[in-house]
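Atoms considered below: every heavy atom in the structure, side chains included; atoms not considered: hydrogens, waters and symmetry mates.
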There are 2 protein chains.
Amino acid sequence: MTEKKEKILQSALELFAREGYTGTSTSKVAKHACVSEGLIFRHFGNKEGLLDAIIKEGEERAKTLFSSIVFETDPKELISKLITTIESFSKNSEDFEFWKLQYKIKWETEKYNEHKMEALQLALTSAFTKLEYEFPELEATILLVIMDGLATRLCLQENFQVGPITDFLRKKYNV
Amino acid sequence: MTEKKEKILQSALELFAREGYTGTSTSKVAKHACVSEGLIFRHFGNKEGLLDAIIKEGEERAKTLFSSIVFETDPKELISKLITTIESFSKNSEDFEFWKLQYKIKWETEKYNEHKMEALQLALTSAFTKLEYEFPELEATILLVIMDGLATRLCLQENFQVGPITDFLRKKYNV
DNA sequence: TATATTTGCAAGTGATTACTCACTTTTATG
DNA sequence: CATAAAAGTGAGTAATCACTTGCAAATATA
């Protein structure tokens, strides 16, 4: 990957996260990345190709992030790790912009990438089964739904504090 | 309100919910509403004015919807009503498009209307206090966060079934 | 009925959109 | 070194964008 190609991706990520996909023009991306507009189309074909490249990178990043959770064998530790992961999405984190973009794209393109979360759902279900919860699958879904809800608040509600909530969740799940 | 003015609002609601705010041009709205494009600007000033009108209508609708919950005195009944409200947001409901737009706008304009939910938060906290939960405020927040998460799933994940989750929530809160 | 106001339309405006193309420069390869 | 492929540019393109203007039709008010 060329230096300029990487710069384009980085600029697009930042601008798409801030202004949205349709709200960001290719000329803005080019100016921000300090390259000619034509280069975007040389490398990515069209604007959607640029978006696809960002999404693909996102899937890789999600896989990496979730791998340490999914392969955890101790059920309590697994739940604890998931809660800690949510906590780390706080605003000053360097991952924040990245995850915000993932959700923004979801709402703008209306494609909820289910299989990205499938492994997580299965691992959580397994954990709740080990802990002998009555409805492990529903417990897993609820926890992932809470994740989506917390992401919404973190991204959209100013001054939202995750800390008290995640502490409370740890107490509830006794982890 | 003129017939045509109402038609514009109705068309804008539908198109904004489907294609997003920046993704919908004023000419598309005009064509869909079968009016001249100029009439939009006569009635609403500019495109943002049209959006504001829709948001304002949304606030009224939210107030109406939540009023029967907020003024409920029986704590268990209050929680039950909230869960039922979430349930009614299922895809074939006529309110679905409306609530989807509310969330889409939130993500596109990045303004989480906190005071719209403030009354709900307070009422829920009061309910959990009456029921002698240890951390009523956190319980209230968690339930509202679950609402946001469920809305995300309902709007973006195909074939998502709320029923099992809401039944599970009723069991958890014993309502 | 006369007049003022509101409602509505068609045809514009300049700016911006995603994208193309002819061209030069850089890099890799035999 | 020669040559081909890849990287990069800048000036285009038609279409679309939000928005304006001048004028006609409908409606309200006196």
How many Å lie between [atom1] on [X] and [atom2] on [N], as a whole number?
X     : N      : atom1 : atom2 : answer
B:K5  : C:dT7  : NZ    : P     : 7 Å
B:L50 : D:dC19 : CG    : P     : 10 Å
B:E48 : D:dC19 : CD    : P     : 9 Å
A:K47 : C:dT20 : NZ    : C1'   : 17 Å
B:N46 : D:dC17 : CG    : P     : 17 Å
B:F44 : D:dT20 : CZ    : C1'   : 18 Å
B:L51 : D:dC19 : CG    : P     : 12 Å
B:F41 : C:dT6  : CZ    : P     : 21 Å

With sequence neighbours excluded, tell me which residues meet ring pair (Phe, Tyr, Trp, His ring centres under 6.0 Å) with [X].
X      : answer
A:Y173 : A:F128
A:F96  : none
A:F89  : A:W99
A:F98  : none

Discussion item. Taking side chain to side chain donor-acceptor pair (under 3.5 Å) as the definition, give me every residue that meets it alongside A:K104, ordered by chain and number, with sequence neighbours left out.
Written reply: B:E110

Fill in: side chain to side chain donor-acceptor pair (under 3.5 Å) against A:K171, all qualifying residues, sequence neighbours excluded
none

Fill in: Residues B:E137, B:T125; criterion side-chain hydrogen bond (donor to acceptor under 3.5 Å, both in side chains); working and verdict
CA-CA 5 Å; B:E137 204 168 324; B:T125 304; 5.6 Å; no

Worksheet, complete the sentence: Applying salt bridge (Lys or Arg N to Asp or Glu O under 4.0 Å) to B:K172 and not counting sequence neighbours gives A:E139

Worksheet, complete the sentence: salt bridge (Lys or Arg N to Asp or Glu O under 4.0 Å) filter on A:E37, not counting sequence neighbours, yields none

Report each atom pair, protein N/O against N/O of nucleotides 9-12 of chain D, whose distance is under 3.5 angstrom.
from	atom 1	to	atom 2	distance (Å)
D:dT9	OP1	A:K4	NZ	2.8
D:dT9	OP2	A:S36	N	3.0
D:dT9	OP2	A:S36	OG	3.2

Item to complete: Please state whether the phosphate of D:dG8, meaning OP1 or OP2, lies under 4.0 angstrom from any side-chain nitrogen or oxygen of A:H43.
Response: yes

Worksheet item: Quick one, which residues of residues 20-30 of chain A touch DNA chain C with a heavy atom under 4.0 Å?
Response: A:T24, A:S25, A:T26, A:S27

Between the protein and nucleotides 24-28 of chain C, which nitrogen or oxygen pairs are less than 3.5 angstrom apart?
none

Worksheet item: When clusters are formed by joining ILVMFWY residues with side-chain heavy atoms under 4.5 Å apart, either directly or through shared neighbours, do B:L65 and B:M147 land in the same one?
Response: yes

Discussion item. Does anything in residues 52-64 of chain B form a salt bridge (charged side-chain N to carboxylate O under 4.0 Å, His left out)? List the pairs, not counting sequence neighbours.
Written reply: B:E60-B:K63, B:R61-B:D95

